[in-house]
J.: 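Input: one structure, supplied below.
Note that the structure is predicted; figures quoted are calculated from it, not measured.
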Amino acid sequence: MTTKTATTAATAPTAPQSRLSINLRQSGIYVAFALIVVLFAVLTDGALLQPQNISNIIVQNSYVLILAIGMILVIIGGHIDLSVGSTVALTGAICAVLTVQWGLPWPVAVLLTLLAGAIIGAAQGYWIAYFGIPAFIVTLAGMLVFRALTLTTLGNQGIGPFPDEIRSLANGFTGGYLGNIGLGPLGGADLVSLLAGLLFVAGFALSQWRKRAARLGYGQAVEPMPLFVLKIVGVGVVVMAVVVQLARFRNLPWVLVLLAALALGYSLMANNSVFGRHIYSIGGNLQAATLSGVKVKAVTFWVFVNMGALAALAGVIFAGRLNQAGPTAGTAFELDAIAAAFIGGAAVQGGVGKVVGAITGGLIMGVINNGMSLIGAPSEQVMLVKGLVLLAAVAYDVWTKRRA
C-alpha cells in the first residue's frame, strides 16, 4: 500500500509536464511559420506584410490550400494521392467545356465539375479500397491517365474566358456592405472584414475554452493557464493583423471565405465526427481498427471521393484565376499539397495530422515562394529552400516519435 501511494505521488506531477511538452511539440509548426514570416519581413523591408502582398499570397496559393485539406485526410488514413495535379487540370478543362463551349449556367457547370471530381476519386478509391492495390500505384496511374484525358479534352490548347462569377470566386473580393471605418494612421478599413475577424477570434477562444473545460472535467492534464491565455492572445493578434491589412486593401478575398468555411467544416469533421475518428484509427493502427469494427474499405473509398471533389474545386479556382483552362494546369500541384501536409505535421506512417496544420504548411510554402520572389532569388534557390524545409519537417516528426 505504501509502495503504491509513493508511486502515484511520484508520477502524478508529470502529467501536466507531459501535456505541456506535447503542446509545444504540436505548436512547433506555428512557431516556425511565425519565424519564417518575420525573417522575410525583415529581408524584404516590410514588403511581405503589405496589404496587397498578403492578399496575393492567399489568392495565389488558394488551390494548394484546398488540395492540402483533402491530402491531409488521405495521409492520415495511411495513403497518398499523386493524381491531384492531373485531376485539377482535367476538371478545369471539364468546367471550361461546360461553361464556354456548351454555355451551361455557371452554378450547374460547377456542380457537374465537382461531381466529375468525385467520380474520379471514386474510381481510384474503388481500386485502392476494394481491390487492395496500393494508393501509390493507383494514383500514379491516375496521374498519367487524367493528364492524357486533359490533353484529349482541350486538344492541346486553352479554353476561355470563364464567366465573371467563376473569375470573381477565384480573384474577387467581398463588397463594402457597411462602408469603411477609420483606423487612425492606418487609414480606412472595411467594417465587415473587421467584424468577421473579431467573430473568428471570439469563436476560436470559445472553442478552446470549452475544450479545456471538457479535459478538466474528465480529469485530463491541460496546459497552464498563462500558456492557454498566451495561445488565445497570439492567435487573435495574428488573425486581426492579417484581417486589418486585407480590410485596408480590397476587403476579404472570396476564396479566403471559401477556405475558412472548408477549414472549419473539415476540422469539425476530422475531430468531432465518427467518420473522422475512423480515418485516424485506420492510419494509426489498421489491424486494431479492423478488429474494432471500423469499415476500413468504405472509409478509405470515401476519403478518395472527397479528395477528388476537392481537387475539382481547386481546378475550378485555378482555371478561374487564369481565366483559362490549359493542358499544363496542375503541374506538380500534388507535390505542393503533399509537402504542405507533411510540413504541417502529418506523420509519414499515417494516423497523425490536422487540417489547420496542413493549411499552415501550405502557407509556409507560399510565404517562401513569395518572399524569395520579392528579394529576387532565382528559382533554383527557391526549390532548394522548399526542399530543405520539407526534409526538416519530416526529420522533426521522426525525431519526436523516437523520443516518445
Side-chain angles (χ1 to χ4, degrees), residues 28-72 75 80-86 88-89 92 143 147 170-171 238 242 245 253 255-256 259 311 314-315 317-319 321-322 324 326-346 348 356-397:
I29 180 62
Y30 308 111
V31 175
F33 180 45
L35 293 177
I36 289 173
V37 170
V38 171
L39 173 63
F40 281 108
V42 173
L43 293 178
T44 61
D45 295 327
L48 180 79
L49 300 180
Q50 291 299 312
Q52 183 174 356
N53 194 64
I54 293 178
S55 179
N56 289 339
I57 291 175
I58 295 172
V59 173
Q60 292 171 2
N61 294 278
S62 57
Y63 48 88
V64 174
L65 300 180
I66 293 173
L67 292 175
I69 293 174
M71 189 63 72
I72 190 69
I75 293 175
I80 201 74
D81 193 339
L82 301 177
S83 68
V84 294
S86 297
V88 165
M143 179 177 68
R147 183 65 63 178
N171 294 316
V238 171
V242 172
Q245 292 294 74
V255 74
L256 176 60
L259 280 169
I317 296 295
F318 185 72
R321 179 172 173 267
L322 297 182
Q324 176 178 274
T328 60
T331 302
F333 282 12
E334 61 277 353
L335 302 181
D336 289 336
I338 293 170
F342 282 127
I343 292 173
V348 178
V356 176
I359 293 176
T360 305
L363 288 174
I364 287 177
M365 302 289 280
V367 169
I368 291 174
N369 283 330
N370 183 269
M372 297 196 73
S373 175
L374 290 175
I375 63 178
S379 59
E380 60 268 21
Q381 291 186 11
V382 177
M383 289 187 289
L384 175 64
V385 172
K386 289 167 65 177
L388 292 176
V389 169
L390 174 59
L391 179 61
V394 177
Y396 179 74
D397 171 67

J.: Quick one: are Met365 and Asn61 in side-chain contact, heavy atoms under 4.5 Å?
T.: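 They are not in side-chain contact.
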
J.: According to ring-ring contact (aromatic ring centres under 6.0 Å, His included), who are the partners of Phe342, at least two apart in sequence or on a separate chain?
T.: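 Phe342 satisfies ring-ring contact (aromatic ring centres under 6.0 Å, His included) with no other residue.
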
J.: Who passes ring-ring contact (aromatic ring centres under 6.0 Å, His included) against Phe333, sequence neighbours left out?
T.: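 Result, ring-ring contact (aromatic ring centres under 6.0 Å, His included) vs Phe333: Tyr63, Phe318.
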
J.: Does the side chain of Val389 come within less than 4.5 Å of Ile343's, by heavy atoms?
T.: yes

J.: Within the structure provided, determine whether Leu82 and Ile338 are in side-chain contact (heavy-atom separation under 4.5 Å).
T.: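 Leu82 vs Ile338: side chains touch.
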
J.: Sequence neighbours left out, what passes side-chain contact (heavy atoms from CB on, under 4.5 Å) with Ala377? Give chain and number order.
T.: Met372, Ile375, Gln381

J.: Checking side-chain contact (heavy atoms from CB on, under 4.5 Å) for the pair Glu334/Asp81: CA distance, chi angles, key distance, verdict?
T.: CA-CA 7 Å; Glu334 61 277 353; Asp81 193 339; over 6 Å; no

J.: Taking only residues two or more places apart in sequence, or in another chain, which ones meet Leu391 in a side-chain contact (heavy atoms from CB on, under 4.5 Å)?
T.: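 Result, side-chain contact (heavy atoms from CB on, under 4.5 Å) vs Leu391: none returned.
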
J.: Does a side-chain heavy-atom distance below 4.5 Å link Val37 with Leu48?
T.: yes

J.: Who pairs with Asn53 by side chain to side chain donor-acceptor pair (under 3.5 Å), at least two apart in sequence or on another chain?
T.: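 With neighbours one apart ignored, the set is Asn370.
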
J.: Any ring-ring contact (aromatic ring centres under 6.0 Å, His included) pairs touching residues 40-62, not counting sequence neighbours?
T.: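 Output for this query is empty, none listed.
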
J.: Could you tell me which non-hydrogen atom of Val255 sits nearest to which non-hydrogen atom of Ile317, and how far apart they are?
T.: CG2-CG2, 4.2 Å

J.: Heavy atoms only: give me the nearest Ile368-Lys386 pair and the separation to one decimal.
T.: CG2-CG, 3.9 Å

